[in-house]
Amino acid sequence: MQNDSVIIANKLTKKFGHFTAVDAITFDVRKGEIFGFLGANGAGKTTAIKMMCGLSRPTAGEATVAGFDVNTQPNEIKKHIGYMSQHFSLYQDMTIRENIRFYGGIYGLRGKVIKQRREELIAELGIEEYANRRVEELPLGWKQKLAFSIAIIHEPEIVFLDEPTSGVDPITRRQFWNMIYEAAERGITVFVTTHYLEEAEYCNRVSIMVDGQLRDLDTPKALMDKYHKKNMNDVFVQLASTSTRTE
Amino acid sequence: MKEFRAFVKKEFHHIFRDKRTLLVLFGMPLAQLILFGYAITTEVENAKMMVWNQSPGQFSNALIDKMISSEFFTLTESVNSRKEMLDVFRKSKAHIAVVIPQNFEEDFYRGEASIQIIADGSDPNLATILAAGAKGIIMTWMKGKILNPVSIETIGTSVRWHYNPDLKSVLMFVPGVITIILMLVNTTLSSISITREKELGTIEILYVSPLKPSVIILGKLAPFVLLSILNATVILLVAYVVFEVPVNGSVMLLFLESLLFILTALSLGVLISTVANTQQTALMLSLFSMMLPTILLSGFIFPISSMPVPLQVISNIIPARWFLVIIKGIMLKGLGIEYMWKETAILMGMTLFLIGLSIKKYKIRLQ
């Protein structure tokens, strides 16, 4: 374990009755890293993310996120992370400016700061003409880019992205990943799940979950070499096909 | 506090941008008030009356004139046989028949006159009211005509209605409508507003944010408290201006008790939202679990004392039942808190219970 790790999980486990959703996973994520968290549906990704976001208490094991313990300091964790889900995390019936102000507000930013970041953000995304229109009028790709910008408006140490690019066209997805790189360069750690395996190759390191266990964790290149595959898709299919869980 | 303000502001955006919410919030109360105030009334005016006068003469004609001259009855048919009379009833051309027998004029002098009143029992409520009204008019008239009053009726009864001397039904309906509106609007809207976030997935963002669950729930409910108080004020003003319904007791007490009842309804809405995952389920649960019991079992329309015992027992868990006693006490009887502390305590207990249960359910959900 390195000192600059922002997430350290040690035998993190979550059971629901007799079902072990997450089975003693151990890993660490370094500061500024883009960490891919892969797994088939039902592999336990969402449960693991919930524990790391302070939403769900582990049954066993421990983890620290941004230096805070998931068992005892979930509220501190929440202040230091950002989160964006596959669902639209924006309020469709509110304008872009109102959405930004709301998220800034619930993270306790001061009015002046919100205003300044809001205008910067609108200018960066080039959506001045939409700024006072409702989010529902915005094209899907822009909605997701906006949602990402808002998820890091309070400059969190880590941002969790749960399938952020599902349903987005390839060009927008590319732009989205550029935004992720920029965030990582600014020192924000990115923890991302995706079902698009070519995106996994953009990550610094990738972990693959199968049946609640962390089956492997390394750089995409090392994983491809290890399993003698040409791309991450084949690596994923080989590992995921060992699953004995039925959905 | 900053967080709470931002949250409440967002809630107001949702409310004022959703036409359906606005309609439920402001359209439904006025529609109900007007519906109950004007259309659904137990007062009778110009009921259709037929006459079968088998003994035309000075007295019988005078009696009929007397009945028609009241606002109660309008003469629509005169018949001359039993067959004709039944025919008029079948065609619904009259609600009530006054049958004056053959020897009425002669019997009248001897103090033995009798009159038959036949009412259309297919509408029992109306029939009862009309029969009683007709009887009243006839008795009064006879007393004035009889030369020797002792021989016909020696003991009369005089009824006076306390608190609502004219028996205006709107006096009863205004407290009832306020009760129903506060219950339905708050339960429905609060449960829908929370489940909508579940349905859209935005609730995840709130869970992940540093907002405390209590801030989320309070932020959700605060706008409805404000708007409901506003709503109650509008209903009271309309009731006062249009229907001349006064508030006899303390307006301050009325608002405080209303606030308590609003909180009861809101906490029920929150509880429903912990069970329901879609807006539609929430709506169904709110309407079916609240609307009929609130209207039928609260004592608003049917008196609780005349219900079968099992229903009387059930009525105890209907919050509206207790609030109705409170609001009628304040508005019509002008009573103070000392007469309604029991009901107030019950509502408080219910609210605390519902909030406790919601928090418990909410915590289970999070684990």
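The analysis underlying the following values was restricted to heavy atoms, covering all of them including side chains, and did not include hydrogens, waters or symmetry mates. Just so it is clear: chains get the letters A, B, ... in the order the sequence lines come, proteins before strands, and each one is counted from 1.
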Which atom of A:K78 lies closest to which atom of B:S209, heavy atoms considered: CD-O, 3.3 Å
Top of A:G108, A:G104, A:G111, A:C53 for chain B proximity - count of heavy-atom pairs under 4.5 angstrom: A:G108
Donor-acceptor pair between B:E3 and A:Y107 side chains, under 3.5 angstrom: no
Atom group of B:K9 that falls short of 4.5 Å from chain A, counting heavy atoms: side chain
Spatial distance of atom OH (A:Y91) from atom CG (B:L200) [nearest 0.5 Å]: 8.5 Å
Value rounded to 0.5 Å, distance of OH in B:Y207 from OH in A:Y83: 12.0 Å
A:G105 versus B:A6, closest heavy-atom pair with distance: CA-CB, 3.8 Å
Positive for side chain to side chain contact (heavy atoms under 4.5 Å, CB included) with B:V208, one of A:I77, A:I81, A:I49: A:I81
Cationic N near anionic O, under 4.0 Å, A:K50 to B:E204: no
Modelled atom types, side-chain donor and acceptor of B:H14 and A:D93, under 3.5 Å: yes
Approximate separation, where rounding is to 0.5 Å, of B:T202 OG1 and A:M94 CE: 10.0 Å
Top of B:E197, B:K10, B:K2, B:K212 for chain A proximity - count of heavy-atom pairs under 4.5 angstrom: B:K10
